There are 2 protein chains.
Amino acid sequence: MDSFTRLSRRPSLADDVSQKLSRMILEGDLAAGEQLPTEQSLAESFGVARTVVREAISRLKHDGLVDSRQGVGAFVAEPSARSAFRISPACFEKRQKLLEILQLRTGITSEAAGLAALHRSDADLDFMEKSYRDLESSLFKGDEGTEKHLLAERAFYQRIAEASGNQYIIEFLSMLDTRIDMELRSVAIKNARVTEWNSEVLAEHMAVLEAIRRQDENAASQAVRYHYTLAAQRLADRADLADT
Amino acid sequence: MDSFTRLSRRPSLADDVSQKLSRMILEGDLAAGEQLPTEQSLAESFGVARTVVREAISRLKHDGLVDSRQGVGAFVAEPSARSAFRISPACFEKRQKLLEILQLRTGITSEAAGLAALHRSDADLDFMEKSYRDLESSLFKGDEGTEKHLLAERAFYQRIAEASGNQYIIEFLSMLDTRIDMELRSVAIKNARVTEWNSEVLAEHMAVLEAIRRQDENAASQAVRYHYTLAAQRLADRADLADT
DNA sequence: TGTCTCCATGTTGTCTGACAACCTGTTTTT
DNA sequence: AAAAACAGGTTGTCAGACAACATGGAGACA
């Protein structure tokens, strides 16, 4: 319900301006090194106060999209100066973009599994086995399984990320998975009875678990890659995603 | 020289405030859901004007660290609401953190190589072969090789990322590699004559190139993982990184 | 008593104007 | 010709005001 209020809240003027400006830079309307219009003229052309423009540009500076010098002006920064990585929420809803995001996740999770195989504790393994059993039971329960399934799978792979011991991997996967799950959930709701691959999927997860159990780094990372690649193909085969 | 001017330029007040606030949130001094002090009181306690505080909070909102509601207040957002991934520049200089960043890169580049093997064009392959030859010659030229070596290696792997056809992978690796290279360069300058592994390193690159040439997805991704894992070990073995 | 309306209060969102700090090119002075 | 002072423009910071909005409480009413 909180997400509802957030979605329905109208964006601030600074949101609008920063989005428009960053779009201009990302799409190349403003070339690297080029000088931005002055804050005053931006304020006039957008029809807002200078404080709003400043908040927007402040965000761009923080992302390394813009570099400003007092007394001179603000300039589009070199692409190599980018200091933040973000994915527009809209991209998670676009079929093609989502598949690319899944590929990115595959690489990182695969690495996480390899590291987890090396560094896992017994408690990590216990937790993963428990999550696996949840996964198993959720898969044999027909329709309502999908929601539970997503939860169990998330718990399983999140623990793998944590067992990797790599703080950046944990954070980044958490950010990606949260929004991927959100999107997958809305897809899953539309057609809930996709249970034809159950035993295959389960075997793929099991392969991951087994590799981590016996601390086989390469096998673990390959098992994750194998599962996620197939999962992406299964998703791509379904026709209920927007084609945009 | 531009980087010099940037580094020496004194940070704005908004930079300071946003850094302090985000630190407080990331380190857990402010729990999720907790209400931030009012802009007025923050302005007083930091000794700045309210506009400065607003610019800082505007950044935090953009990163999904804070969520504000007009008429009510600003609140620390749930970790699951994070919408941007950033790595503090200081972390690239810390031995342990840098190694974790390298692991993250390994996973993504490995995935990129697999995709590149599938989707590469002939032009991609030509470019990679040329970069490989540059790599080869730079490795057999003694001291000054390190700088050229870094450049050639960067070109090689950057082209792999581009050949993957995945925009997110391209952008993210570009961001990571730019800053990793910057750090590696400063290390390489300090002791330039590390040439003992030359033939091994070259063989590792060659394995990547060959796998992509014959479009062997798994071999390509494993070859990258193999090289980068060893590269990280070689770096870790060197004692000239700060231990912090 | 219980409920509903209205309002006072506090907070964020936006606007305006002003001045400081700084850079650049021009003019003036030496 | 070189150096110094000046003028104009831009970003950085400050202060104050009002609008938009949410909340809780006082009071009216059933």
Side-chain angles (χ1 to χ4, degrees), chain A residues 1-22 25 30 33-77 81, chain B residues 1-22 25 30 33-77 81:
Chain A
M1 54 174 176
D2 183 60
S3 62
F4 175 76
T5 65
R6 168 167 329 123
L7 289 178
S8 64
R9 190 149 59 243
R10 128 179 105 82
S12 72
L13 296 183
D15 288 335
D16 283 342
V17 173
S18 76
Q19 189 176 345
K20 282 173 184 167
L21 284 178
S22 66
I25 295 175
L30 292 169
E34 195 170 339
Q35 181 168 8
L36 267 64
T38 67
E39 295 175 351
Q40 201 112 34
S41 70
L42 281 174
E44 289 172 12
S45 64
F46 282 119
V48 299
R50 199 185 142 211
T51 49
V52 171
V53 173
R54 281 192 60 80
E55 281 187 28
I57 291 184
S58 175
R59 293 177 178 184
L60 302 191
K61 280 190 285 193
H62 196 225
D63 282 5
L65 256 48
V66 157
D67 191 27
S68 66
R69 285 176 296 182
Q70 183 172 359
V72 185
F75 302 84
V76 179
Chain B
M1 54 172 174
D2 183 59
S3 62
F4 175 76
T5 64
R6 169 165 330 120
L7 289 180
S8 64
R9 193 151 54 243
R10 129 180 104 82
S12 72
L13 297 183
D15 288 334
D16 283 342
V17 174
S18 76
Q19 189 176 343
K20 282 174 185 167
L21 284 178
S22 66
I25 294 176
L30 292 169
E34 195 171 340
Q35 182 168 7
L36 267 64
T38 67
E39 294 175 351
Q40 201 111 32
S41 71
L42 281 174
E44 289 171 12
S45 65
F46 281 119
V48 299
R50 198 183 142 212
T51 49
V52 172
V53 172
R54 281 193 60 81
E55 281 187 28
I57 291 184
S58 175
R59 294 176 178 183
L60 302 192
K61 281 190 285 192
H62 197 224
D63 282 4
L65 256 49
V66 157
D67 190 28
S68 66
R69 285 176 296 182
Q70 184 172 356
V72 184
F75 302 83
V76 179

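In this text, all values refer to a predicted model and were calculated from it rather than measured experimentally. Just so we're on the same page: letters track the sequence lines, and every chain starts at 1.
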Exercise for the section: Name every residue in residues 11-18 of chain B that has at least one heavy atom under 4.0 Å from any atom of DNA chain D, in order of residue number, or write none if there are no such residues. Expected result: B/Ser12, B/Leu13
Practice task
To the nearest Å, give me how far apart CG (A/Leu42) and P (D/dG12) are.
Solution key: 13 Å
Exercise for the section: Measure the distance from CD on A/Glu44 to C1' on C/dT16 and round it to the nearest whole Å. Expected result: 13 Å
Problem - Check ion pair A/Asp16-A/Arg10 (N to O, under 4.0 angstrom) - result: no
Completion exercise
Rounded to whole Å, the CD-P distance (B/Glu55 to C/dG13) equals 14 Å
Problem - Under 3.5 Å: donor-acceptor pair, side chain of A/Ser41, backbone of A/Pro37 - result: no
Handout entry: Worked verdict on B/Phe46 versus B/Leu21 for side-chain contact (heavy atoms from CB on, under 4.5 Å)
Key = CA-CA 11 Å; B/Phe46 281 119; B/Leu21 284 178; 4.2 Å; yes
Handout entry: Whether B/Arg59 side chain and A/Ser58 backbone form a donor-acceptor pair below 3.5 Å
Key = yes
Problem - Any donor-acceptor N or O pair under 3.5 Å, side chains A/Arg54, B/Thr51 - result: no
Handout entry: For B/Ala14 against B/Val52, the heavy-atom pair lying closest together
Key = N-CG1, 3.7 Å
Practice task
Evaluate salt bridge (charged side-chain N to carboxylate O under 4.0 Å, His left out) for B/Lys20 paired with B/Asp15, printing each intermediate quantity in order.
Solution key: CA-CA 9 Å; B/Lys20 282 174 185 167; B/Asp15 288 334; over 6 Å; no
Completion exercise
Shortest non-hydrogen pair, B/Asp63 vs A/His62, comes out as OD2-CE1, 3.8 Å
Problem - Per-nucleotide protein contact string for nucleotides 5-12 of chain C (B base, S sugar-phosphate only, - none; heavy atom under 4.0 Å) - result: -----BBB
